[in-house]
There are 2 protein chains.
Amino acid sequence: MKSKTLKDIAKALNLSVTTVSKALNDYQDISSATKQRILDYVKKVDFTPNTFATSLRKKESKIVGIIVPAMAHYFFSKLLQGIIEKAEENNYLVIVLRSNNYELEKIQIRRLLKQKVDGIFLSLADNSYDIDHLEEISKSDTVLIQFDRVSKIAQSSKVVINDREAASTAVQHLIDRGKRKIAHFRGGLMPQVAIDRFIGYRKTLEKNGIEFRPDYVHICEKGNETQGYDAAQKLLKQHPDIDGIFAHTDMTALGAIRYLKQQKISIPEKVGVVGFSNWEVSALMSPSLTTIDQPGKKMGKAIFSQFLKDLKTLKAKEKIEFKTKVIKTQLIQRQSS
Amino acid sequence: MKSKTLKDIAKALNLSVTTVSKALNDYQDISSATKQRILDYVKKVDFTPNTFATSLRKKESKIVGIIVPAMAHYFFSKLLQGIIEKAEENNYLVIVLRSNNYELEKIQIRRLLKQKVDGIFLSLADNSYDIDHLEEISKSDTVLIQFDRVSKIAQSSKVVINDREAASTAVQHLIDRGKRKIAHFRGGLMPQVAIDRFIGYRKTLEKNGIEFRPDYVHICEKGNETQGYDAAQKLLKQHPDIDGIFAHTDMTALGAIRYLKQQKISIPEKVGVVGFSNWEVSALMSPSLTTIDQPGKKMGKAIFSQFLKDLKTLKAKEKIEFKTKVIKTQLIQRQSS
DNA sequence: TTTCAACGCGAAAACGTTTTCGAATTGATT
DNA sequence: AATCAATTCGAAAACGTTTTCGCGTTGAAA
């Protein structure tokens with residue numbers, strides 16, 4: 001079925017293509033009478049302008065792209081939800097791509113730039129030390145918004161949480177519950193979020209007059225359950241007197257809990273555990289998991305709002321002044337602490 | 001930064017726009033010499049044709065759209081992953097929209113049709129009794145692929161699992177483990193998948209000479225954890241001698257398990273539990289959950305493959321013969337049975 | 001009666017491709 | 001030398017919009 005065009009409408013109403021187009025785009029130099037006539041007819045025959053032609057002419061696609069990690073993850077799922085909701089409100093569509101490393105990230109950005117999306121939302125991969133691919137975006141008319149794992153040096157607006165503060169809250173909570181020998185299962189050495197959470201952990205110990213011990217820190221790079229289990233095993237074999245664990249992920253926390261339960265080590269009496277993210281099941285586990293709520297949906301909405309702002313100033317040919325929006329996190333206390 | 005056009009390339013090489021375009025599109029009437037010259041130059045200046053113009057001219061977008069339920073769900077996350085992977089291989093992009101009811105579903109389909117996506121992948125909402133919105137798709141040049149919750153009457157290719165058989169496997173498994181009084185926590189009354197799973201449950205009982213009892217069936221429409229807990233509570237208060245539960249979702253199974261544990265009812269000795277979907281955490285719970293693995297990623301890939309086939313025949317102006325691909329499921333036995 | 005501004009509309013160019021068709025060149029065949 | 005087919009290329013139309021600019025028509029002001 002061939003879809004109607006402006007030309008068809010114009011012919012049917014004995015008007016010019018220009019007039020019809022103007023009526024649909026709320027130009028002021030069309031009499032309200034003909035405008036109404038056009039609008040009525042357009043509604044009747046259910047016409048909607050061809051997106052390709054509009055995009056070609058206006059040089060904007062009304063599409064944004066987001067690149068998410070290649071694995072299924074509750075946090076990103078919520079984030080996506082927030083972005084899509086806000087996008088729909090503003091008549092934007094969202095293209096989702098996946099990546100977990102620098103090379104792929106680069107390819108995906110190319111893909112999106114080629115599609116001439118109006119905005120790209122990106123959380124950097126673990127091995128994205130280089131940011132040349134981000135500079136490619138700045139050179140185009142596409143707005144870049146970084147979130148979660150952002151680069152300090154790359155120029156763009158950003159939406160993040162205060163990882164350091166959140167980690168601090170988590171550790172302080174354990175201390176307040178009487179824990180003194182608190183271990184930390186951290187992420188890799190590179191991503192800024194892992195560094196920040198680690199710093200938050202360390203500073204909070206020191207602020208409370210507790211000595212920081214490097215051998216209490218284990219790296220769980222993948223942040224999955226198995227690594228949490230393994231780390232807990234190693235840790236407790238070496239230091240049976242540990243009384244708290246702050247994990248950088250709910251999953252690693254879950255793994256740690258599995259080991260503790262298996263060893264009949266009571267939670268939270270003997271060892272308190274705090275996770276990070278407030279993943280869906282953390283409330284359903286037994287014991288349920290104390291964790292830091294990372295409000296994905298809210299972040300998603302913030303990302304899109306910031307995008308709209310930046311796009312507007314870009315269109316106005318003005319210089320964008322990049323903003324960094326910090327989303328508040330919250331400690332959710334449950335049975336594990 | 002203005003991006004290059006065919007015209008720019010042509011001028012730089014002293015050729016016509018036509019020739020350049022043809023070289024890039026592998027036409028046969030270009031000498032290999034000039035073709036190479038063009039390809040080299042194009043690579044050097046990193047030119048890529050404007051998507052809007054191409055789409056406008058060719059009437060195809062190289063984009064597909066998928067509509068997923070409005071909530072975060074592990075299965076759909078995996079499914080999406082499969083679709084996106086396969087899409088990327090074939091240079092397609094994927095637009096993701098959300099819906100959980102008929103009205104919204106209709107709007108989203110309109111959005112996608114307006115965007116002139118080449119394909120729409122859809123799992124029907126619970127209250128989509130009507131399928132007029134699907135017929136709108138057939139009238140366009142967009143390929144529809146239904147998956148998971150499909151309509152029997154709507155004409156399109158489909159990708160599904162054999163819900164009846166899978167349910168049968170689950171129930172037979174419980175029977176084989178010596179269970180006789182097996183309850184079923186089912187989905188709503190409408191979606192075909194819920195009906196099919198129920199039928200599988202009932203038939204399998206009867207085949208084994210076990211009387212079907214309506215009061216052993218509880219409806220957990222939302223399929224969440226709370227409903228599973230509540231249903232288990234009601235069920236066991238009324239029938240303390242229940243020895244098996246087949247839940248239509250891992251989440252409801254989890255809820256049931258929580259109640260059982262709380263009541264100190266031993267799993268699987270006293271009551272065996274089987275879920276459905278093989279959701280990420282079902283392996284991590286304690287006891288870990290026996291469940292039916294619903295291979296989301298595989299389904300996603302199958303969906304996209306089928307789309308490519310149907311699109312091809314559509315382009316050739318031939319009549320599409322709709323296919324229904326049934327993906328195999330598998331029982332994953334764990335501690336809960 | 002002239003002048004002028006405001007109003008309502010349309011012609012035409014532009015966005016950047018793809019594709020049809022015909023023209024020019026070449027080399028081989030009579 | 002003439003004919004023909006194959007080869008290689010380009011002119012121009014088409015895809016469906018948006019936007020600039022100008023033109024004719026009003027009605028009011030001078």
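Protein chains get the first letters and strands the later ones, always in sequence-line order, with residue 1 at the start of each. Excluded from the calculations below are hydrogen atoms, water molecules and symmetry mates; all remaining heavy atoms, backbone and side chain alike, are included.
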Nearest to side-chain heavy atoms of [X], which nucleotide of [options]:
X	options	result
A/Tyr27	C/dG10, D/dT19, D/dG10	D/dT19
A/Ile30	D/dT8, D/dT18, C/dC9	C/dC9
B/Asp29	D/dT8, C/dT20, D/dA14	D/dT8

> How many angstroms lie between CG in B/Leu134 and CD in B/Gln155, if you round to the nearest 0.5 Å?
Replying inline: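 If we round to the nearest 0.5 Å, B/Leu134:CG and B/Gln155:CD are 11.0 Å apart.
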
> Do B/Phe121 and B/Phe147 have ring centroids that are under 6.0 Å from one another?
Replying inline: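 No: the rings miss the under 6.0 Å criterion.
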
>> Please evaluate residues B/Arg149 and B/Asp126 with respect to the criterion salt bridge (Lys or Arg N to Asp or Glu O under 4.0 Å), reporting the C-alpha separation (whole Å), side-chain torsions for both, the decisive distance (0.1 Å), and the verdict.
In response: CA-CA 9 Å; B/Arg149 302 177 163 197; B/Asp126 275 0; 2.2 Å; yes

>> Closest-nucleotide mapping onto DNA chain D: is B/Ala53 or B/Val20 further toward the 5' terminus? I mean the 5' end.
In response: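 Its nucleotide being nearer the 5' end, the pick is B/Val20.
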
Presence of [X] side-chain N/O under 4.0 Å of [N] phosphate oxygens OP1/OP2:
X	N	result
B/Ser21	C/dT17	no
B/Ser16	D/dG10	yes
B/Thr34	D/dC9	yes
B/Ser31	D/dT7	no

Just how far, in rounded Å, is [atom2] of [N] from [atom1] of [X]?
X	N	atom1	atom2	value
A/Lys22	C/dC7	NZ	P	14 Å
B/Leu15	D/dA11	CG	P	11 Å
B/Arg57	D/dA13	CZ	P	13 Å
A/Leu13	C/dG8	CG	C1'	16 Å
A/Leu6	D/dC15	CG	P	13 Å
A/Phe52	C/dA14	CZ	P	24 Å
B/Lys7	C/dT18	NZ	P	15 Å
A/Gln28	C/dC9	CD	C1'	15 Å

> Looking for any heavy atom pair under 4.0 Å, which part of the strands does A/Thr18 touch: base, sugar-phosphate only, or nothing?
Replying inline: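 Touches a base.
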
>> Classify B/Asn50 by what it touches in the nucleic acid, base, sugar-phosphate, or nothing, heavy-atom distance under 4.0 Å.
In response: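 Since only primed, P, OP1 and OP2 atoms lie under 4.0 Å of B/Asn50, the category is sugar-phosphate.
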
> Taking for each residue the nucleotide of DNA chain C bearing the nearest heavy atom, is the 5' side occupied by A/Thr19 or by B/Val17?
Replying inline: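 The residue whose closest nucleotide sits nearer the 5' end is A/Thr19.
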
>> Assess whether a salt bridge exists between B/Lys35 and B/Asp26, defined as any Lys/Arg side-chain N lying under 4.0 Å from an Asp/Glu carboxylate O.
In response: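 Salt bridge between B/Lys35 and B/Asp26, a charged N being under 4.0 Å from a carboxylate O: yes.
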
> Between B/Lys106 and B/Glu136, is there a salt bridge with N-O shorter than 4.0 Å?
Replying inline: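 The answer is no: the pair does not qualify as a salt bridge.
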
> Is any side-chain N or O of B/Lys59 under 3.5 Å from a base N or O of D/dG16, one able to act as donor and the other as acceptor?
Replying inline: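 Donor-acceptor pair under 3.5 Å: no.
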
>> Would A/Ser128 and A/Glu105 count as a side-chain hydrogen bond (donor to acceptor under 3.5 Å, both in side chains) here? Give the steps.
In response: CA-CA 8 Å; A/Ser128 289; A/Glu105 200 169 279; 2.8 Å; yes

>> Taking the axis from the first five pairs and the axis from the last five, what angle separates them in the helix from C/dT1-D/dA30 to C/dT30-D/dA1, rounded to 10 degrees?
In response: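 Angle reported: 70°, given to the nearest ten degrees.
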
>> Please find the pair of heavy atoms, one from A/Gly82 and one from A/Lys301, that lie closest to each other, and give the distance.
In response: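 For A/Gly82 and A/Lys301, the tightest heavy-atom pair comes out as O-CG, 3.7 Å.
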
> More than 12 non-hydrogen atoms from neighbouring residues, nucleotides or ligands closer than 6.0 Å to NZ on A/Lys312, yes or no?
Replying inline: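 Incorrect, the count does not exceed 12.
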
